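Here is the structure we will look at.
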Amino acid sequence: MKTKLLNEKVAIWKKIFDITFVVSGLLVLICLTLLIGFYLPDPTLDFIIIIADIGLLSYLLQEFGRWFIVANFKQYFRERWIENLIGVLIIFQLIFPDVTMYLLSFVLPKLAFRDFLMIYMALMSLTLLLLFAIKLLRYNHLIAKINLHPGAIISISFFVAIMVGSLLLMLPRATPPDNPISYIDALFTSASAVCVTGLVVVDTGRDFTTIGHVFIAFLIQIGGLGVMTLTTFFAFAIAGGLSLRVRIMMRDLLSQESVDEVKSLLLKILGFTLLVEIIGSFIMYLSMGKSLANFDKVEYYYSLFHAISAFCNAGFSLYSDGLMYFTIQDNHIYVWTIVILVVIGGLGFTVIMNLTAKMLTKRTKRNYRLTLTTKLTLITTLILIFGGSALIMIFEPWGYLIGDTFYEEFYHATFISVCARTAGFNTVPTDMLSHATLILVMFLMWIGASPGSTGGGIKTTTFAVTIYALYAMIVGKERIEVFNREIHYNTVKQAFMVVIASVMFIFVGSMLLVWFEPNMDTTDLIFEVISAVNTVGLSRGVTPDFSNSSKVLIVVLMFVGRVGVLTFLLSLHIPRQEPRYKLPEENVIVG
């Protein structure tokens with residue numbers, strides 16, 4: 001009886017602590033939104049700081065109060081060590097705020113005291129929100145109870161990210177006070193960032209403030225890595241693991257063969273992404289003639305933004321003319337770094353990890369083979385890059401690149417060939433390219449990057465499998481054999497389904513866009529649709545002139561392209577078990 005009463009009391013206190021935690025989290029979220037997103041007078045700022053402090057103290061009280069109701073204190077502390085560590089840090093900051101303020105003044109010496117105060121409170125608020133997210137991730141098993149297709153869950157995650165991003169970009173401090181943007185433009189920009197497309201209806205560098213740029217970079221990073229990838233990573237690394245169904249869903253999302261490989265790959269993905277982006281940003285920073293001794297924070301901020309945009313194949317730029325900006329276009333180190341980042345990001349994490357493992361095991365003389373996916377990805381990527389470059393060099397001497405030297409032609413042609421496959425950057429005006437090059441660029445956009453990458457398109461392996469299948473049919477072979485391996489029939493069927501679905505979306509999207517914009521050139525509109533569906537971001541310069549209905553259409557196409565055309569269609573239907581009966585077969589005349 002006593003044990004039952006004790007358990008009931010513990011349950012009541014646990015519920016009280018959970019409610020306190022949710023309320024404190026909401027308080028801090030509201031305070032953070034007001035601090036970052038709004039221009040506040042000093043009295044309001046002081047009031048918000050008091051509210052934020054109340055939220056932090058409430059969190060501390062409920063967190064340390066849980067120590068007295070747990071059955072096994074040591075196990076609880078071991079499992080929740082991050083929450084408790086951050087709690088100790090929050091106490092330190094509340095008792096000794098001058099220390100944090102001093103550190104901020106040392107790192108950012110030119111800021112006013114009011115700015116220091118806002119940054120300090122923002123850091124405190126973000127700390128609590130991180131804890132809030134960690135606790136929510138402990139309930140990841142609830143995803144397993146949702147009776148939805150895995151593709152639908154992925155689609156919903158991207159949809160939520162786009163909507164939240166659009167609201168963030170509508171905050172007053174995200175845009176200049178004298179130049180606010182409409183919600184449809186904020187929605188378009190958010191969708192373009194999350195879908196790592198790069199199509200824009202406003203000038204990213206001019207029409208957004210530094211806070212707006214940070215929001216966009218954050219959305220690009222989320223979109224490039226995938227909402228589910230980031231969430232699953234934190235659930236694995238911090239929140240104590242995942243349910244089996246979520247592991248299986250992530251295995252399919254990351255194109256893995258084993259559920260056990262998901263955790264290892266997620267850790268490698270996050271580490272590799274941050275390392276490559278940081279290295280790329282420093283190379284680009286130094287190529288601008290800057291030094292580490294006299295560190296230019298603004299120039300590095302520009303370099304880091306473009307490194308994130310390049311690796312995630314997003315194509316966003318803070319320069320009004322993109323990479324055609326006069327200090328960038330002829331900075332070959334800067335541009336070649338962009339090319340390398342785009343290629344690495346477009347290869348796919350599975351392929352990169354497979355290559356890395358192969359190179360590392362070479363030294364230990366262990367037999368570790370490259371997968372068929374890796375081989376097809378590498379060969380197709382090289383053919384598309386250099387084959388595309390060669391064709392552009394053939395087509396363009398009579399176009400925009402007339403009169404350039406061989407190296408300049410190769411330089412621009414290679415950049416176009418690489419970035420046409422989902423990156424969206426350009427060093428020459430797309431609307432000035434010859435029609436032959438334009439058709440080639442649309443073909444490259446349609447193929448896109450590789451599976452499991454930050455890019456879109458039907459994917460290089462899909463294209464390779466369909467070509468091999470077509471060749472096998474022409475020569476009369478029933479089996480599709482590549483590199484001493486036979487490609488499974490289901491893979492071939494899925495590849496053709498992706499091709500058909502992609503063509504269908506391009507056709508319907510083009511038809512609707514031509515209907516919405518009857519006064520615009522049809523070629524330009526089809527180019528925009530292909531760019532949107534395949535999340536490329538290249539434009540013929542007509543996007544800012546679209547009507548609201550056309551912008552919404554492009555948003556939908558970008559969303560479908562990022563989720564994956566086939567995944568999106570599958571997410572609309574819950575698969576049912578095949579009936580046990582079998583109908584008589586009959587041939588149909590085709591071809």
Side-chain angles (χ1 to χ4, degrees), residues 198-200 203-206 213 217 276-346 385-386 388-434 437-438 440-441 444 536-541:
L199 288 173
V200 293
D203 189 317
T204 306
R206 187 188 64 214
H213 298 158
V276 171
E277 288 176 350
I278 290 172
I279 292 174
S281 64
F282 273 106
I283 293 173
M284 292 156 68
Y285 169 79
L286 295 173
S287 74
M288 298 295 288
K290 304 297 179 178
S291 67
L292 297 178
N294 299 314
F295 195 70
D296 188 334
K297 298 183 183 68
V298 174
E299 192 61 58
Y300 180 72
Y301 146 72
Y302 270 66
S303 298
L304 181 61
F305 183 94
H306 287 85
I308 294 172
S309 183
F311 181 79
C312 294
N313 283 214
F316 274 87
S317 176
L318 297 181
Y319 301 106
S320 297
D321 297 327
L323 299 189
M324 294 184 292
Y325 190 63
F326 70 97
T327 60
I328 301 296
Q329 189 178 37
D330 296 324
N331 186 341
H332 291 194
I333 296 177
Y334 195 103
V335 173
W336 281 119
T337 303
I338 292 282
V339 169
I340 293 170
L341 289 172
V342 169
V343 171
I344 294 174
I385 290 175
F386 293 107
S389 300
L391 289 175
I392 291 170
M393 290 177 70
I394 292 172
F395 298 148
E396 276 309 305
W398 291 274
Y400 182 77
L401 300 181
I402 187 169
D404 284 351
T405 63
F406 177 82
Y407 172 74
E408 288 172 332
E409 287 183 12
F410 176 76
Y411 169 71
H412 290 295
T414 304
F415 190 86
I416 294 170
S417 179
V418 169
C419 291
R421 294 190 307 106
T422 83
F425 290 109
N426 56 311
T427 54
V428 297
T430 308
D431 55 343
M432 295 292 290
L433 297 175
S434 66
T437 302
L438 197 64
L440 175 63
V441 166
L444 293 173
V536 179
L538 287 177
S539 174
R540 298 273 287 176

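Quantities reported herein were computed from a predicted structural model and do not represent experimental measurements.
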* Can you check side-chain contact (heavy atoms from CB on, under 4.5 Å) on C419 and L538, steps first, answer last? -> CA-CA 9 Å; C419 291; L538 287 177; 5.7 Å; no
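- For the atom pair CD (E299) and CE (M288), the distance works out to 4.5 Å, reported to the nearest 0.5 Å.
- Nearest heavy-atom pair across T437 and F395 is OG1-CB, 3.4 Å.
- Nearest heavy-atom pair across N426 and P429 is ND2-CA, 4.2 Å.
- Ring pair H332/Y407: centre-to-centre distance below 6.0 Å.
- Of all heavy-atom pairs between A307 and G280, the closest is CB-C, 4.3 Å.
- Shortest non-hydrogen contact noted between L286 and S291 is CD2-CA, 4.4 Å.
- With rounding to the nearest 0.5 Å, the separation of CD1 in I283 from CG in L341 is 8.0 Å.
- The nearest pair of heavy atoms linking L199 to S539 is CD2-CB, 3.9 Å.
- L444 places a side-chain heavy atom less than 4.5 Å from the side chain of S417.
- In this structure, the side chains of F386 and T414 stay at 4.5 Å or more apart for every pair of heavy atoms.
- The aromatic ring centroids of Y302 and Y319 lie less than 6.0 Å from each other.
- Looking only at distances, no side-chain donor or acceptor of R206 sits under 3.5 Å from a matching main-chain atom of S320.
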* To do: Decide yes or no on side-chain contact (heavy atoms from CB on, under 4.5 Å) for I338 and F415, but give the supporting numbers first.
  => CA-CA 9 Å; I338 292 282; F415 190 86; 3.9 Å; yes
* **Verdict with supporting geometry, L292 and F282, side-chain contact (heavy atoms from CB on, under 4.5 Å)** => CA-CA 9 Å; L292 297 178; F282 273 106; 3.8 Å; yes
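- Rounded to the nearest 0.5 angstrom, E277 CD and C312 SG are separated by 5.0 Å.
- For the pair F425/S309, a side-chain contact is recorded, criterion being any heavy-atom separation below 4.5 Å from C-beta on.
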* To do: Evaluate side-chain contact (heavy atoms from CB on, under 4.5 Å) for L433 paired with I416, printing each intermediate quantity in order.
  => CA-CA 10 Å; L433 297 175; I416 294 170; 4.1 Å; yes
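- Pairing each heavy atom of A413 with each of M393, the nearest pair is CB-CG, 3.5 Å.
- Annotation: side chain to side chain contact (heavy atoms under 4.5 Å, CB included) contacts of L304 (sequence neighbours excluded): S281, Y300, I308.
- Within the 4.5 Å cutoff, side-chain heavy atoms of V343 are placed close to those of I385.
- Put simply, OG on S389 and CD1 on I392 are 6.0 Å apart, with the number rounded to the nearest 0.5 Å.
- Side chains of S317 and H306: a donor on one and an acceptor on the other come within 3.5 Å.
- To the nearest 0.5 Å, atoms OG1 (T422) and CG (N313) are separated by 3.5 Å.
- At a threshold of 4.5 Å between non-hydrogen side-chain atoms, the residues D296 and Y285 count as touching.
- Atom CD1 of I394 and atom OG of S434 lie 11.5 Å apart (nearest 0.5 Å).
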